[in-house]
Amino acid sequence: MENGRFLVSSSPHIRSGESTQRIMMDVAIALLPALFSGIWFFGLRALMMTIVAVVFAVASEVVMQKVMKRPVTVKDFSAVVTGMLIAFNVPSTLPLWMVAIGAIFAIVIVKQCFGGVGHNFINPALAARAMLLASWPVDMTAWVTPGVDAVTTATPLALIKGTEAVNVVLPNVMDLFVGNVGGCIGETSALALLIGGLYLLYRKVISYRIPVIYIATVGVFAFMFSGFDLSYVPYHVFAGGLFLGAIFMATDYSSSPMTAKGQIIFAIGCGFLTSVIRFFGGYPEGVSYSILLMNIATPLIDRFTLPRKFGEVKKSA
Amino acid sequence: MKKLTFKGGTHPPHSKKATEKLALEKANAPKTVVIPMQQHIGAPCDPIVAVGDEVKVGQKIGEAKGFVSVPVHSSVSGKVTAIEPRMYSGGTKVTCVVIESDMQDTIHESVTSKGSLEALSADDIKNIIKEAGIVGMGGAAFPTHVKLAPPPEKNVDTVILNGAECEPYLTADHRLMLENPEDVVLGLQAFMKVLNVSKGYIGIEDNKVDAIEVMQKAAQGKAGIEVVVLHAKYPQGAEKQLINACTGREVPSGGLPADAGVVVNNVGTAAAVAKAIKTGMPLVERIVTITGAGINNPKNLLVKIGTNFREVVDQCGGFKGNPQKIIAGGPMMGIAQFHIDIPVIKGTSGILVLSEEEARLPESSNCIRCGKCVDVCPINLMPAGLSAHALLDNYDQAEGLHAMDCIECGSCSFVCPAKRPLVESIRLAKREILAKRRKAQAK
Ligand code: SF4
Ligand code: SF4
């Protein structure tokens, strides 16, 4: 280079060590405790399902990008995360081929058709869950109790709601917290999800805003809607997909607002909708649909929560 | 100790270890200097010497044209051998006066002490500053006397000296404060006298503990002068952020520091003013930090204006390995150079040489909407959205998202995990918007 021209580019000339891959890998790592708890409570089938979902998610991304002649970006790990989340959002008895279809749908339709990572306006894993639920409602709600002698059961929220007449008693709050209850593979252990969430906070991948405000809002509304009965609150907070949804799905970058104010509005909206669906809607569980609905509102929220720029002079009306 | 700061910002690695403990050294006298007639923001100078003329150190060789302009002086004694356009660090060619040094460093007759600060009037001082060719030494090189003449309706009550040196790698201001704190304080007093204000701050980042101590000692007993400790955070030294940290005031969007009642100057500028008053020597040399992984022996050198980058680099042991990038200034806002054969000018705070590995540009990928750029933007803009519009040539939308408020600090591009060309595209949008505004005005 001594006599030649040197490299010229626009400043800044240094970049942080952050990368999309690093972030997605962190999310995958944060999902591991929930995966372990899933395997612990629902057996090796949970692992099998996760692997199937990840493999199909990654493979469909490669194929799709090849077909669309885009650069293949599976190295960024985002398809792995989507795959894991799909498996975590279905019951452990779901046929493997259905899991595969969910993964293909999430990547091909929801992610790649809209332009790939960052361009999906709704959460791919949640969209897949909604699609599966609409297509195979029976398989998608075939809950079993954790353990080897898995018997048919209902989720704690369904029990509270009384939508399913099964002779099971409501589990105690401790079982609920560690995840020893019926439900989707990755959603039952609030504890494992919490550990993952703390890791993401520590790594600054997410901010506390969406998860904390979402969960708190659900707590508050559960208290109000149940006629100010405190005993319902822990069930609404720890049961169902709330922790999974609040920590891992509602925080999806592409489909949640970018500004602090926007994230707060988004989280409160998610919490409110979740409670409304749980108390007044037809489903015992409302996390997925409320996040999906708020996903759709995200562009609007972003538009109306532009931060006040530095030095902006208040317009005198 | 109370530490002050602003909202937003980021933490690039400081990378100052290589030079922060190295005392200032005088660079070897150059045999030839190439002195551009434009080293400042504003109108270029007209050369007032001709080829063949003998000149001396401190002699005026370029006359300022217009109010926003300052004269240029010779940094050596010797003979003018050429007056022609040459490349300089601004990336274009400008008229330069080339002087062959006689190595005598004979000082020009006009260079005499201007007496004590007490004896000088505000107008005297302003005139000395202008005639000494003093500009902002932090890198922007805006003529200092212009800053010292705010419109009378603005109630300026505070002067802030910028000793933050938030750009990674650079240690020129740090060493100056350590080794010449009296001049910094004297310069600040001069500014305060010109503007007739009683409050003067010297803002220093907390990663320069020794400089804070030294400056505090130097400021002791000086009426109205206070050293302010700032959090080491980029861009702490940006004018608006510095004012916000020190005074809590916000410069209104589109406004100048004077609109917040403040005038900001770099510590290096203050020292240059002190020198011009004490000795009469105009701005003919400056401190330059020469550093980076591509330099064998990084240094802080006192370099004569017009010295070739190559000569300076050679005094630092030359290149290490096969460096790929040369930057005039720091890594966040400095300008990458095609060639090394360009002169050091008044605004050259550093020569940063990056190794092959450091210079490699990361490939950019899809924006993942992580919001990190929004979090760090000190102006509270939405760099992701702004840049998206800019890249699609939607300059009107970019303007609506306040592109013109961007201070081009580069924090957004620095943090972006997808390595998007954020500030690069916003800069482009700003240029287009300005061009459009100018056209509209012409109509
Ligand atoms: S930091 Fe980069 S990836 Fe994140 S929102 Fe901004 S532009 Fe997009
Ligand atoms: S948008 Fe401009 S002001 Fe904001 S971080 Fe980027 S470069 Fe700095």
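Hydrogens, waters and symmetry mates are skipped; everything else that's a heavy atom, side chains included, is used. Per chain, numbering begins at 1; letters A, B, ... match sequence-line order. Computed from a prediction, not measured in an experiment: that's the story for all the values here.
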Flag yes if more than 12 heavy atoms outside A/Arg303 fall under 6.0 Å of its CZ atom; otherwise flag no.
no
B/Leu354 versus chain A, the contacting section by heavy-atom distance below 4.5 Å:
side chain
If you count heavy-atom pairs under 4.5 Å between each of B/Asn244, B/Leu381, B/Ile335 and chain A, which one has the most?
B/Asn244
Name the option with the most non-hydrogen atom pairs under 4.5 Å to chain B; the candidates are A/Ser207, A/Ser78, A/Ser9.
A/Ser9
So among A/Asp252, A/Asp302, A/Asn120, which one has a side chain to side chain donor-acceptor pair (under 3.5 Å) with B/Arg369?
A/Asp302
Name the region of B/Pro168, side chain, backbone, both or neither, that has any atom closer than 4.5 Å to a heavy atom of chain A.
side chain
At a 4.5 Å cut-off on heavy atoms, which part of A/Ile14 comes close to chain B: side chain, backbone, both, or neither?
both
About how many Å separate CZ of A/Arg308 and OG of B/Ser253, when rounded to the nearest 0.5 Å?
10.0 Å
Report which part of B/Ala384 has an atom under 4.5 Å of a heavy atom belonging to chain A: side chain, backbone, both, or neither.
side chain
Is there a side-chain contact between A/Phe310 and B/Asp405, using heavy atoms and a 4.5 Å cut-off?
no
Using every non-hydrogen atom in the two residues, find where A/Pro12 and B/Phe414 come nearest and quote the distance to one decimal.
CG-N, 4.0 Å
Just how far is it from atom SG of B/Cys367 to atom NE2 of A/His119, taken to the nearest 0.5 Å?
7.5 Å
Contacting region of B/Ile379 [heavy-atom separation from chain A under 4.5 Å]
both
Non-hydrogen side-chain atoms of B/Ser365 and A/Thr20 separated by less than 4.5 Å
yes
Per-residue tally against chain B (heavy atom, under 4.5 Å) across A/Leu306, A/Thr73, A/Asp76 peaks at A/Leu306
Looking at NZ of B/Lys325 and NE2 of A/His13, how far apart are the two atoms once the value is rounded to the nearest 0.5 Å?
5.0 Å
Please report the shortest heavy-atom distance between B/Ile368 and A/Val117, naming the atom on each side.
CG2-CG2, 3.7 Å
As an exercise, state the distance from CD of A/Glu18 to NZ of B/Lys372, rounded to the nearest 0.5 Å.
4.0 Å
Given the options B/Ala260, B/Pro12, B/Pro331, B/Gly410, which has more heavy-atom pairs under 4.5 Å with chain A than any of the others?
B/Pro331
Option that, when pairs with chain A are counted at under 4.5 Å, heavy atom only, ranks first among B/Gly371, B/Cys370, B/Pro13
B/Cys370
At a 4.5 Å cut-off on heavy atoms, which part of B/Leu401 comes close to chain A: side chain, backbone, both, or neither?
side chain
Heavy-atom distance under 4.5 Å to chain B: side chain of A/Pro257, backbone, both or neither?
backbone
Close side-chain approach of B/Pro417 to A/Arg15, heavy-atom, < 4.5 Å
no
Measure the OG-NE2 distance between A/Ser16 and B/His11 for me, rounded to the nearest 0.5 Å.
12.5 Å
Taking atom CZ of A/Phe56 as the centre, does the number of heavy atoms from other residues, nucleotides or ligands within less than 6.0 Å exceed 12?
no
Considering the options B/Glu424, B/Met332, B/Arg427, B/Glu408, which one meets the side-chain contact (heavy atoms from CB on, under 4.5 Å) requirement together with A/Ser11?
B/Arg427
Value for CG (B/Asp375) from NZ (A/Lys204), rounded to nearest 0.5 Å, stands at 11.0 Å
Between chain A and each of B/Glu356, B/Lys240, B/Lys7, count heavy-atom pairs under 4.5 Å; write down the option with the most.
B/Lys240
